There are 2 protein chains.
Amino acid sequence: MTGLMAPNAQPGSKPAVILDAAVRLFLDSGFGNVSMDMVARAAGVSKATLYAHFRSKDELFAAMMAQRCDGLMDGMGCEALCGMPVAEALTVIARRFFTLLLSPKTLAVHRVVLAESHRFPELARAFYESGPAVAIGRLSAFLADADRRGRLTVPDSELAAEQFLGMLKSHLHLRLLLGMEQVPDEAEIARFVNGAVGLFTRGYAPAVSPPAPSGS
Amino acid sequence: MTGLMAPNAQPGSKPAVILDAAVRLFLDSGFGNVSMDMVARAAGVSKATLYAHFRSKDELFAAMMAQRCDGLMDGMGCEALCGMPVAEALTVIARRFFTLLLSPKTLAVHRVVLAESHRFPELARAFYESGPAVAIGRLSAFLADADRRGRLTVPDSELAAEQFLGMLKSHLHLRLLLGMEQVPDEAEIARFVNGAVGLFTRGYAPAVSPPAPSGS
DNA sequence: GTCTATAGATCGATAGAC
DNA sequence: GTCTATCGATCTATAGAC
């Protein structure tokens, strides 16, 4: 994160308790539908105490979002994947990305950031840099490595990373953001993951090699 | 559209004038940041007149969105494309979809619907059905036809349609929604369109045909 | 630091004259 | 139908006692 301010989150301290309440309320109902009275009551403090720690509602919101964006990409490391067969590694990456993207927490962050990106432009940027941009960067590095080793033929690894993640998001992500669907079950996840990995590996297969699945 | 109500939009009539003002304000600033006073002033009528035509702010917002969703997919017909070579047809479809998706008007609708999908669930559904769902449906039909004619091998045409449109959206759409980028120029559009068409036609190429670019 | 009480401003919706 | 004026509720932020 850039440094939007993340108060010393001594667990149990007043700022931490307030932030926890703010996370629940803001992510659940958005910025405009949550009043400072509600935050104060949910945190079990008075409104004056709240204002003693956060100078305004904007600052509280920004601090809350900064906390949520920080660990967004934990568990998306790609170190151990460079040795695996490409299709297998892509499957692992796709499943991780999907699980993260479709989790209620991540969906809530998307909803709130999108809704308030106009009022908080730096926040929108911080979210993108700490979330989607990291995913693209790591996958792009993995693809560039696969290209160097001849496992795939990827002329534009950044574009390819966007394509792969975009295929997974597809419109399913939009449907979930709009509240039209529940989180998909295993079968539906497998359908998207296998479909994306298949299309991607076929479309970026190395020049003229046989379709041997393991060796090569 | 389902029938959310779209008052007789006699051009020049008071309801039409009010709706025009509401479109500008709501799409620009969202639901919560626009007051009925602002709408009345922008439309050049009094607040009482406004309430004479729309019983509440919610109803005005819904009517405004219904109007914007109606023509959303105009110009996305795929009739004349079934005769063209697949790659060419996909390029046309991709360019149309991209132009539509990245237009300021469509971006604004996305922003507002996403922000208010919690408060207006039927509105979110109506938007999805009249916009993204139509795009998926038409492309899916085109792909199923291409599969029947042996131009592509597409076992799951609906999934494939989602993949193709998702590849185009990628994270570029998100960056634009967040206000981090201007609308891309011709070169950037070509990069995404050609990349998607290329990956898609290679990955869904018919079983064992040569990679001839034009004929076949 | 923490509380209670309230100032000050805004907004959605309505009443009543014309 | 259209206007002016206003009600009642709500929200952010602060003042002042402890």
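Proteins get letters first, then strands, A, B, ... in listed order; numbering begins at 1 in each. Given the structure is predicted, the values throughout are model-derived calculations rather than measurements.
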[X] [atom1] - [N] [atom2] separation (whole Å):
X	N	atom1	atom2	result
F61(A)	dT12(D)	CZ	P	13 Å
E59(B)	dG12(C)	CD	P	15 Å
L25(B)	dC11(C)	CG	P	12 Å
F54(B)	dG1(D)	CZ	P	13 Å
Y51(A)	dT4(C)	OH	P	16 Å
L50(A)	dT4(C)	CG	P	14 Å
D58(B)	dC11(C)	CG	C1'	14 Å

Inset, instruction - Mind checking A48(B) for me? I need base, sugar-phosphate or nothing, with any heavy atom below 4.0 Å counting as a touch. - result: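 Here A48(B) touches the bases of the nucleic acid.
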Legend entry - Sugar-phosphate, base or nothing in reach of K47(A), heavy atoms under 4.0 Å: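 Base contact.
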N-O pairing of [X] and [Y] below 4.0 Å:
X	Y	result
R119(B)	E116(B)	yes
R95(B)	E186(B)	yes
D156(A)	R191(B)	yes

Legend entry - Of the listed nucleotides dT2(C), dC3(D), dA13(C), the one nearest the side chain of K57(B):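 Of the candidates, dA13(C) comes closest.
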Legend entry - T49(B) side-chain proximity, nearest of dT4(C), dG12(C), dC3(D):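 Of the candidates, dC3(D) comes closest.
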Inset, instruction - Using a cut-off of 6.0 Å, state whether more than 12 heavy atoms not belonging to E158(A) lie near its atom CD. - result: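 No, because the 6.0 Å sphere around CD of E158(A) holds 12 heavy atoms or fewer from other groups.
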Legend entry - Atom CZ of R41(B) with >12 non-hydrogen neighbours under 6.0 angstrom: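 It does not: R41(B) CZ has 12 such atoms or fewer within range.
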Inset, instruction - Check DNA chain C against residues 33-43 of chain B and give the residues with a non-hydrogen atom under 4.0 Å, in numerical order. - result: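 Listed by number, they are V34(B), S35(B), M36(B).
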Legend entry - Distance-minimising heavy-atom pair for L178(A) and V113(B):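 Closest approach of L178(A) to V113(B): CD2-CG1, 3.6 Å.
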Inset, instruction - Using only side-chain N and O atoms of H53(A), determine if any of them is under 4.0 Å from OP1 or OP2 of dG1(C). - result: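 False: H53(A) side-chain N/O out of range (4.0 Å or more) of dG1(C) OP1/OP2.
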Inset, instruction - Give a yes or no on whether the ring-centroid distance for F31(A) and F120(A) is below 6.0 angstrom. - result: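 That pair passes the under 6.0 Å test.
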